[in-house]
Protein chains: 2
Amino acid sequence: MTTARRPATLDDVARAAGVSRSTASRVIAGNGFASPTARERVRTAADELGYVPNPAARALVHGTGVRLLVAVAGNDPAVLDDSYVDQVLGATARVCAPYGLGVTVDWVPLHAPERLVRLTDDRGVTSLILVNTTAELLELVPRRLRGRAVSIGVGSATVPSVDIDNGGATEAIVRHLYSGGRRRIAMVTGPPWLTCANRSVDAYRGLMRDAGLPTREVVGDFSVERGRAAAREVLRRWPDTDAIVAISDATALGVIGRLRADGVQVPGDVAVTGFDDIPLAAVTAPALTTASHPVRQIASAAATMVLEHRHAPMCTRFPSALVSRDSA
Amino acid sequence: MTTARRPATLDDVARAAGVSRSTASRVIAGNGFASPTARERVRTAADELGYVPNPAARALVHGTGVRLLVAVAGNDPAVLDDSYVDQVLGATARVCAPYGLGVTVDWVPLHAPERLVRLTDDRGVTSLILVNTTAELLELVPRRLRGRAVSIGVGSATVPSVDIDNGGATEAIVRHLYSGGRRRIAMVTGPPWLTCANRSVDAYRGLMRDAGLPTREVVGDFSVERGRAAAREVLRRWPDTDAIVAISDATALGVIGRLRADGVQVPGDVAVTGFDDIPLAAVTAPALTTASHPVRQIASAAATMVLEHRHAPMCTRFPSALVSRDSA
DNA sequence: TTGAAAGCGCTAACAG
DNA sequence: CTGTTAGCGCTTTCAA
């Protein structure tokens with residue numbers, strides 16, 4: 001095993017293989033012509049020297065960046081302290097690794113969307129994944145990144161989107177509740193500005209209207225805390241509520257916690273549903289009825305899309321399945 | 001607002017400011033001399049052009065990489081599908097962002113630690129954070145990365161470590177159990193090869209020995225599933241167990257789930273404790289007694305250490321506090 | 001099929 | 001204090 005004190009450069013490889021740097025480059029990069037012999041010799045030389053191309057040099061000559069930016073929209077930097085964002089990042093980083101690309105996260109203030117261009121002006125950024133985005137933000141994606149940007153959530157004419165079928169999942173949940181005899185169904189929504197979360201609200205409203213039932217909505221934000229507060233608010237405003245549909249598992253757990261603390265039986269008195277099917281959803285008491293949400297798969301798909309840079313559909317919707325457990 | 005179609009280069013800035021490229025470089029990079037006038041003019045020019053330095057070019061000339069590698073040791077690639085890893089990644093990425101550095105994750109097989117050098121041979125890698133590492137792996141950190149590598153967990157003579165005080169936290173937990181009258185205390189450990197997790201086991205053993213009590217150990221792996229299985233194993237081997245100390249909150253939740261399914265009261269019959277204090281620990285039923293584990297803080301500290309590259313202590317231990325709730 | 005040469009954007013001596 | 005001059009490692013015409 002050759003100990004690489006100073007990491008080998010392409011020149012080292014070329015020299016060892018007895019060819020010119022250009023030839024070595026062609027072989028390594030895999031484009032351009034090269035005789036089988038040359039190919040062979042370069043390959044073995046590279047192998048022996050443990051040669052790994054320098055991504056910085058490559059990026060420099062190609063004028064392409066060296067990392068993928070995950071931009072998360074929100075009211076404050078705390079949006080980055082979120083397991084959802086963490087998962088997106090983790091999945092993205094795994095997809096990027098073989099490409100020699102790194103990942104960065106940053107936050108884009110909802111009240112100052114133009115901050116996005118500051119981030120994308122960095123030539124180090126080669127691709128962009130938008131999270132929790134808005135139509136307004138989508139407009140600000142620079143030309144340079146067209147075809148190298150994707151949104152997890154809503155898309156636009158120029159930025160394709162990858163997302164889950166919130167609407168379908170919410171329908172399945174509400175139907176499940178309805179067929180279980182629930183009629184006074186409330187919902188803890190997501191942040192109103194978050195278009196993709198509104199698809200759940202729309203689905204809920206549609207179903208309730210079709211059933212001739214009134215809606216009961218409380219604004220939420222995916223967090224446990226909002227779940228607790230929302231539970232209390234729901235019971236205060238509509239004491240006869242018999243089901244609460246929460247926008248996320250965390251919120252649902254907050255709801256259940258509050259309900260239990262107030263002596264309300266779940267699902268006896270009030271059924272509660274979540275959304276996401278986090279690993280812990282199966283072991284809570286009661287185990288959570290929820291809808292699956294393959295965040296990692298979605299993020300991987302998004303990352304693959306921007307990296308492969310190929311003609312992808314403008315809108316990819318991942319299915320979500322109802323996971324029926326004990327809470328509803 | 002100047003629309004930057006072709007992102008501005010340092011040359012553009014220099015030209016606009018009417019100085020040489022070197023002067024512009026000095027001003028932007030903030031080192032070397034420059035007259036106040038020159039400084040001023042370069043600054044404004046850069047501002048107007050929306051200039052952002054090209055990290056690839058910088059990295060190339062400095063011979064430094066362009067991303068930070070988070071290497072996670074484990075038996076298979078699935079170790080990357082872990083919220084702990086995700087959190088480390090998230091925190092790291094946030095620290096890296098202002099430096100124009102990206103983050104990559106990769107997995108190092110426990111049975112083929114030499115795979116690590118493949119990863120670190122990449123000159124794109126400028127710094128290294130090791131997660132769940134072993135002494136053997138630490139030896140393989142190349143010279144090039146000395147001073148730019150840190151381990152979250154155990155350290156070595158050449159690689160500093162940042163970690164939590166597992167031992168202290170476990171002591172606090174076991175003491176809490178003891179003072180609550182528990183005497184037949186079992187532990188679901190971490191993977192035996194994971195040195196830092198063994199500190200918990202050592203603390204447990206020490207305390208039990210001091211109290212003249214026998215130990216009851218079952219090997220675990222942080223997961224919910226192992227928790228379920230371990231709970232069953234504990235009760236099968238030692239039916240009179242009155243407390244189970246789990247290595248993680250997820251495991252504790254698995255333990256509780258199994259216990260409850262088997263008709264065992266928690267904490268009535270058996271007290272259960274976790275470790276980590278995940279956000280959901282407060283809303284489970286019963287709410288989990290656990291020890292805090294500021295993963296993000298730890299990861300941020302680790303990332304800052306390698307990036308600032310300054311003389312840091314070889315071992316930084318974050319405190320862990322007992323969080324007493326209902327499960328024990 | 002291959003090599004020579006130019007240049008990506010930036011920094012760092014080294015003279016002025 | 002400032003400009004000139006070399007590269008950093010790689011890809012890519014362009015000739016040979």
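Here is the naming used below: chain letters follow the sequence lines, and residue numbers restart at 1 for every chain.
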Pairs touching residues 21-34 of chain B that satisfy salt bridge (Lys or Arg N to Asp or Glu O under 4.0 Å), sequence neighbours left out: Asp11(B)-Arg21(B)
Which residues share a salt bridge (charged side-chain N to carboxylate O under 4.0 Å, His left out) with Asp106(B), sequence neighbours left out: none
Pair listing, salt bridge (Lys or Arg N to Asp or Glu O under 4.0 Å) test, anchored in residues 53-66 of chain A, at least two apart: none
Contact list for residues 145-155 of chain B, test side-chain hydrogen bond (donor to acceptor under 3.5 Å, both in side chains), sequence neighbours left out: none
Angle between terminal axes - the helix from dT1(C)-dA16(D) to dG16(C)-dC1(D), 5 pairs each end, rounded to 10°: 40°
Interface residues of residues 38-46 of chain A with DNA chain D (non-hydrogen, below 4.0 angstrom): none
Sugar-phosphate, base or nothing in reach of Ala59(A), heavy atoms under 4.0 Å: nothing
Gap between atoms CG and P, on Asn54(A) and dC8(D) respectively (whole Å): 12 Å
Partners meeting side-chain contact (heavy atoms from CB on, under 4.5 Å) with Ala91(A) (sequence neighbours left out): Arg296(A), Ala299(A), Ser300(A)
Range on DNA chain C touched by chain A - first to last nucleotide, heavy-atom distance under 4.0 Å: dT1(C) to dC10(C)
Leu116(B) and its side chain to side chain contact (heavy atoms under 4.5 Å, CB included) partner, picked from Leu137(B), Leu138(B), Thr133(B): Leu137(B)
Non-neighbouring partners of Thr104(B) that pass side chain to side chain donor-acceptor pair (under 3.5 Å), sequence neighbours left out: Arg67(B)
Contact under 4.0 Å: Arg123(B) side-chain N or O vs dC8(D) OP1/OP2: no
Basic-acidic side-chain contact under 4.0 Å: Arg15(B), Asp12(B): yes
Side-chain donor-acceptor pair present, Thr23(A), Ser20(A), cut-off under 3.5 Å: yes
For Thr126(A) against Leu145(A), the heavy-atom pair lying closest together: O-CD1, 3.9 Å
Counterpart residues, salt bridge (charged side-chain N to carboxylate O under 4.0 Å, His left out), relative to Glu40(B) (two or more places apart): none
Quick test: give all pairs of protein nitrogen or oxygen and nucleotides 11-15 of chain D nitrogen or oxygen below 3.5 Å, distance rounded to 0.1 Å.
unit_1, atom_1, unit_2, atom_2, d
dT11(D), OP1, Arg58(A), NH1, 2.5
dT11(D), OP2, Ser25(A), OG, 2.9
dT11(D), O3', His62(A), NE2, 3.3
dT12(D), OP1, His62(A), NE2, 3.4

Ala93(B) versus Val105(A), closest heavy-atom pair with distance: CB-CG2, 3.3 Å
Test side-chain contact (heavy atoms from CB on, under 4.5 Å) applied to Ala112(A) - qualifying residues, sequence neighbours left out: Pro109(A), Glu114(A), Arg115(A)
